[in-house]
Structure formats: C-alpha cells, structure tokens
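Single-structure report; data block below.
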Amino acid sequence: MALKPVTEEFINELKLVLSSGAMLAVPDNYLSEPRSRWRGISSILVLPQNVKEVSAIVSLANAQNIPIIPYGGGTGLVGGQIQDKGPSGILLSLERMNKITSLNLDENVITVEAGVILSNLRDEAEKVKRIFPLSLASEGTAQIGGNLATNAGGVNVLRYGSTRNLCLGLEVVFADGSIWNGLSRLHKDNTGYDLKNLIIGSEGTLGIITAATMKLFSKPLEHTVALIAVKSPKDALRLLSETKDYFGETISAFELINKMGIDFFNETKVEVKVPFSNIPEWMVLLDIGHTGRNSAEKNANDYFENILNSGLAVDGVLAENVGQQNDLWALRENIPEANRRIGSVSSHDISLPLSTVSKFIDEARVEISKLGNFRINCFGHLGDGNLHFNIFPNKGEKREEYNHIRPEIKTIIHDLVHLHGGSVSAEHGIGRLKINDLVKYSDPIKLKLNKSIKAVMDPKGILNPGVIFESNQ
Ligand SMILES: Cc1cc2nc3c(=O)[nH]c(=O)nc-3n(C[C@H](O)[C@H](O)[C@H](O)COP(=O)(O)OP(=O)(O)OC[C@H]3O[C@@H](n4cnc5c(N)ncnc54)[C@H](O)[C@@H]3O)c2cc1C
C-alpha cells in the first residue's frame with residue numbers, strides 16, 4: 001500500500017480532533033539526532049495530551065496512509081526517531097503526556113505516561129525511598145516511552161535487567177487506532193502470547209506506547225563504589241567472577257573503562273577527577289548496592305584487600321563518601337560526551353558471551369590496525385558482555401576523512417562479533433542504522449516471522465517506515 005505525504009486536507013482533519021497547541025511546524029532540533037547522521041523531513045509535529053488523542057491521530061493517518069514517526073526524547077543512537085526519506089509524515093511526540101498516574105508502594109509499582117522523562121521517574125522513586133534502576137547518560141532527556149521502545153539497557157542491567165525486565169504492563173495504540181489497555185500489575189500472567197514483550201524493543205514499528213506500569217525497588221542502604229585498575233580485559237572478567245562470589249547479586253554495575261577514554265577527557269576539555277596519576281590501560285568501575293544490614297564497609301574493605309593482595313587488581317580507589325562516588329561515576333558517564341566531541345569514524349554497540357570478550361577485543365584491535373592507525377576507545381557494560389567498541393581518527397584528523405572506510409570497519413567488527421556468537425546491537429536497537437545487519441546476521445526463520453508480525457500488526461506500514469526493515473516506499 002503506497003504511503004502518502006501529509007496534506008493540507010489531513011492537517012485540517014487533524015485540527016478537528018486535537019486540542020489547541022497540539023500541532024506545530026517541526027522545530028529544527030526535532031530533525032537532528034545525537035550523532036548527526038540523519039536529517040529529518042517530517043512535515044508536522046503533533047503533541048497529543050492523552051491516549052484518545054493519540055488514537056484519533058493514528059486512525060486518521062492510517063485511513064490516509066500517512067507515515068507516523070514516534071518521538072520520545074530524541075536520544076536514540078540508530079536514527080529510529082528521524083524520518084529521512086519517503087513521503088513526509090508526522091512526528092508524534094508524547095512529551096505532553098508526562099504524568100505519573102499512580103503509585104502503589106505496597107506493590108512497588110508505578111504507572112506513568114510514556115512522555116515522562118527518565119530522570120524525573122528516578123527522582124519520583126527517590127522521593128518515596130525507592131529506586132527506579134534504569135540509568136543512562138541520556139536520562140535527563142530520554143523518555144520512558146523511548147526507553148521501552150528501544151528496550152534500553154544502561155549501567156544497572158547486571159542486577160535489575162534491561163527496560164523489559166522493569167515493566168509489568170503497557171498501554172499501546174495500534175496502527176488502526178485501537179487502544180490496548182495492558183496496564184497490568186501482575187508478575188505472573190501466562191494467558192496467551194506475550195504482547196507486552198513484543199512491543200518492548202519494537203522501536204515504534206508495531207504501536208505507540210502511551211503509558212506503562214513499571215517496577216520500583218528497595219533502595220540500597222549503602223553503596224560501595226570503586227575504580228579498580230586491572231592488567232587486561234581478561235583480568236577484568238576474572239575480577240567480575242570474584243566480585244560475584246563475594247557480593248552475589250548485589251553488584252549493580254561493572255563497567256570497563258580504557259585509558260583512551262581518559263585521554264579523550266583531556267583532549268576535549270571535559271572536566272572530571274581522575275584518581276590515578278599514572279593512568280592504567282584498563283579500569284573497572286564497580287557499584288555494589290548493599291540492601292542487607294550486614295556491615296557493608298567491612299565487607300568492602302576485606303574484598304578490596306583481597307583483590308589487591310591476589311594481584312587481580314593492580315591499583316584501586318574505594319570511594320569514601322557520596323561525593324567521591326559521584327566523581328568516580330562521572331568518569332564513566334562523561335565518556336559518551338568526550339567521544340561525541342572527538343567524533344568517531346565508526347561506533348559499535350555489541351554484546352558477546354562473557355568468555356569470548358577478551359579474545360574479541362584482541363582480535364578486533366589486530367584487524368582494525370591492518371586498516372590504518374586508528375584510536376580505539378573500548379568501554380562499556382562489561383558485566384553484561386556489552387561493549388562499545390568505538391574507532392576514532394588520530395589527533396588532528398577529521399572523521400569525515402575516513403567516510404570511505406566506515407562500511408569496511410563495520411563489516412570487520414560485526415563479522416567478528418557474529419563469529420563469536422554475539423549480537424551486533426546490544427542495547428541501541430536496529431533503527432535505520434542496522435537494517436542490513438539484521439538481514440545479514442539474523443536467523444532466517446526469525447527474520448521471516450518478524451516481517452509477518454509487522455505485516456499483521458501494521459498492514460499499511462504507516463508506523464515508523466524504514467525502521468528495522470527497509471521501507472518498500
Ligand atoms: C549520551 C547518550 C548515552 C546513552 N546511553 C545509553 C545506554 O547506556 N543504554 C542504552 O540502551 N541506550 C543509551 N543511549 C541511547 C538512548 O538514550 C536510548 O535508546 C533511549 O532509550 C531512547 O529514548 P528516547 O526517549 O530518547 O527515544 P527516541 O530517541 O525519541 O526514540 C527512540 C526510538 O523509539 C521510538 N519511540 C519513542 N517513543 C516511543 C513511544 N512512546 N512509542 C513507540 N515508539 C517510541 C522512536 O520512534 C525511535 O525508534 C544513549 C544515548 C545518548 C545520547
């Protein structure tokens with residue numbers, strides 16, 4: 001079915017179903033994205049205030065074959081929120097649907113509209129002495145609808161899982177405008193196919209998420225935060241195993257940091273406090289949230305002494321107060337900003353079985369060095385096997401000089417990931433960036449069934465055309 005661009009007639013019909021101020025010309029900042037790879041062409045920005053308005057917009061667009069691009073905070077890194085070609089459609093932002101609609105502390109459950117900004121949800125949880133553990137460097141802008149649509153990961157997956165694991169129920173508007181009220185608060189519900197988990201991670205291609213029921217958790221009484229220098233990623237993984245034996249499931253973050261990341265802070269003038277005078281080649285930032293009433297301090301000191309004495313750690317800093325904890329965390333959280341300022345030739349959000357991580361890093365470095373003298377910043381959520389393996393030009397060079405080589409780099413990295421049984425998209429999704437990778441590396445049966453699901457749920461293909469699958473427009 002051929003998609004059509006927004007027309008004057010369509011705008012006039014929309015005006016009849018929307019409240020005032022709900023439709024605008026698209027401001028420029030909604031047409032770009034964090035890595036400046038795509039430029040948007042959508043015709044109008046629509047800002048509904050409630051699920052009924054979302055439903056009315058979607059049914060009108062469906063009747064007239066007009067593309068809809070769902071938009072959260074715009075922080076997605078694979079271009080899913082930007083329509084860059086085809087008949088220009090509507091950008092549907094849920095930013096005005098930003099209310100917390102209910103809070104149940106006995107059940108540790110909170111229900112929110114999809115436009116709630118992630119950091120606001122985290123703050124609301126803090127106010128009632130709970131935590132909402134999803135945490136990303138983009139949390140001040142990203143919205144819970146966008147987090148669900150991308151099944152975002154972040155730094156606490158090791159303990160709490162990704163967004164999917166934090167969600168109990170959804171409200172969704174499907175392509176024909178129908179509203180599914182799936183705002184369940186149940187932890188167990190084996191009634192038929194799991195629609196909720198199909199929508200989570202579907203990147204706006206199967207439905208518009210308008211609200212969600214999310215889990216809250218007890219707030220740890222104390223945190224142990226440490227930055228530990230190790231000789232190699234292999235030792236970092238041995239440290240992970242040792243730390244798990246010591247603290248069990250209370251480790252919430254285990255982040256790998258490379259010296260290149262620290263060098264980039266100096267080069268880009270991002271201000272952070274680095275606790276080592278000689279920067280080690282590899283470091284691990286770990287965060288352990290103690291919920292029990294045993295002495296966290298004694299345990300942490302014992303552990304620290306143990307890993308230093310055994311030689312597993314070559315150096316380390318144990319934060320002594322919340323200020324120092326924040327300083328250590330700032331090192332990890334500012335890496336994406338410093339990377340952005342340098343400008344990568346090619347960035348890779350990959351995951352691997354834990355036991356292959358170290359071999360992959362060694363092999364990938366060798367392969368990339370055959371193409372030229374690049375700088376590699378390899379960091380990420382090591383505890384989940386999720387690395388950001390990003391490749392940068394040398395100082396003084398511009399990334400554009402290497403545009404011609406980017407596809408080759410990507411193929412080398414992704415082939416190697418695939419060979420080791422990994423995934424070419426650990427947490428950012430497919431979007432517009434990795435459509436060909438999905439085709440190349442997916443099991444054909446999975447791909448065929450995915451396409452069938454899309455065809456059934458959005459027969460006209462109006463929901464985010466060109467995302468996950470190539471649009472046939
Ligand atoms: C500095 C930085 C750090 C980041 N760190 C991480 C990280 O650690 N882990 C991680 O997983 N990601 C990370 N990201 C990526 C990004 O923040 C996440 O993908 C986030 O979940 C996107 O949320 P958003 O609201 O900005 O969505 P958007 O960017 O607006 O949209 C993302 C996708 O979701 C769809 N969408 C948005 N809202 C809805 C909705 N209500 N219904 C249906 N579809 C919708 C869009 O169409 C698009 O396909 C980072 C990004 C930046 C810039």
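Just so you know, residue 1 is the first one in the sequence shown, and it goes up from there. Each ligand, and each atom within it, is numbered from 1 in the order the structure gives.
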[X], portion touching ligand 1 at heavy-atom distance under 4.0 Å:
X	result
H381	side chain
N464	side chain
N147	both

TODO: For residues Y402 and F374, establish whether the separation of their ring centroids is below 6.0 Å.
DONE: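 Y402 vs F374: aromatic centres under 6.0 Å.
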Check each atom of ligand 1 against the heavy atoms of [X] and keep those under 4.0 Å away; list them by number with element.
X	value
G207	43 (C)
L94	41 (N)
G80	47 (O), 48 (C), 49 (O)
H428	10 (C), 12 (N), 13 (C)
G154	8 (O), 9 (N)
A137	3 (C)
G204	43 (C), 44 (N)
A152	11 (O), 21 (O)

I'd like to know if the side chain of [X] reaches the main chain of [Y], judged simply by a donor and an acceptor atom lying under 3.5 Å from each other, with no hydrogens or angles considered.
X	Y	answer
N258	N377	no
Q143	G72	yes
Q83	K85	yes

Taking distance alone, with N or O pairs closer than 3.5 Å, would you say [X] contacts ligand 1?
X	value
A114	no
A142	no
T150	yes

TODO: Measure the acute angle between the ring planes of H388 and H381, then classify it against the limits of 30° and 60° as parallel, tilted or perpendicular.
DONE: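 Answer is perpendicular, since the angle exceeds 60°.
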- [ ] Just say parallel, tilted or perpendicular for the rings of W180 and F174, cut-offs at 30° and 60°.
- [x]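 Because their plane-to-plane angle is under 30°, the rings of W180 and F174 count as parallel.
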TODO: Could you establish whether E139 and ligand 1 come within less than 4.0 Å of each other, counting only heavy atoms on the residue side?
DONE: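 No; E139 lies far enough from ligand 1 that no heavy-atom distance drops under 4.0 Å.
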Open item on the list: So, 4.0 Å and heavy atoms of G431: is ligand 1 close enough to count as a contact?
Closed with: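 G431: no contact with ligand 1 (<4.0 Å).
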Decide whether [X] and [Y] meet the rule of one side-chain donor and one side-chain acceptor closer than 3.5 Å.
X	Y	answer
T141	S138	no
S43	S88	yes
T205	E203	no

Task: Reported CD1-to-CG distance for the pair I100 and N120, which is rounded to 0.5 angstrom - done: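 I100 atom CD1 to N120 atom CG measures 7.5 Å (nearest 0.5 Å).
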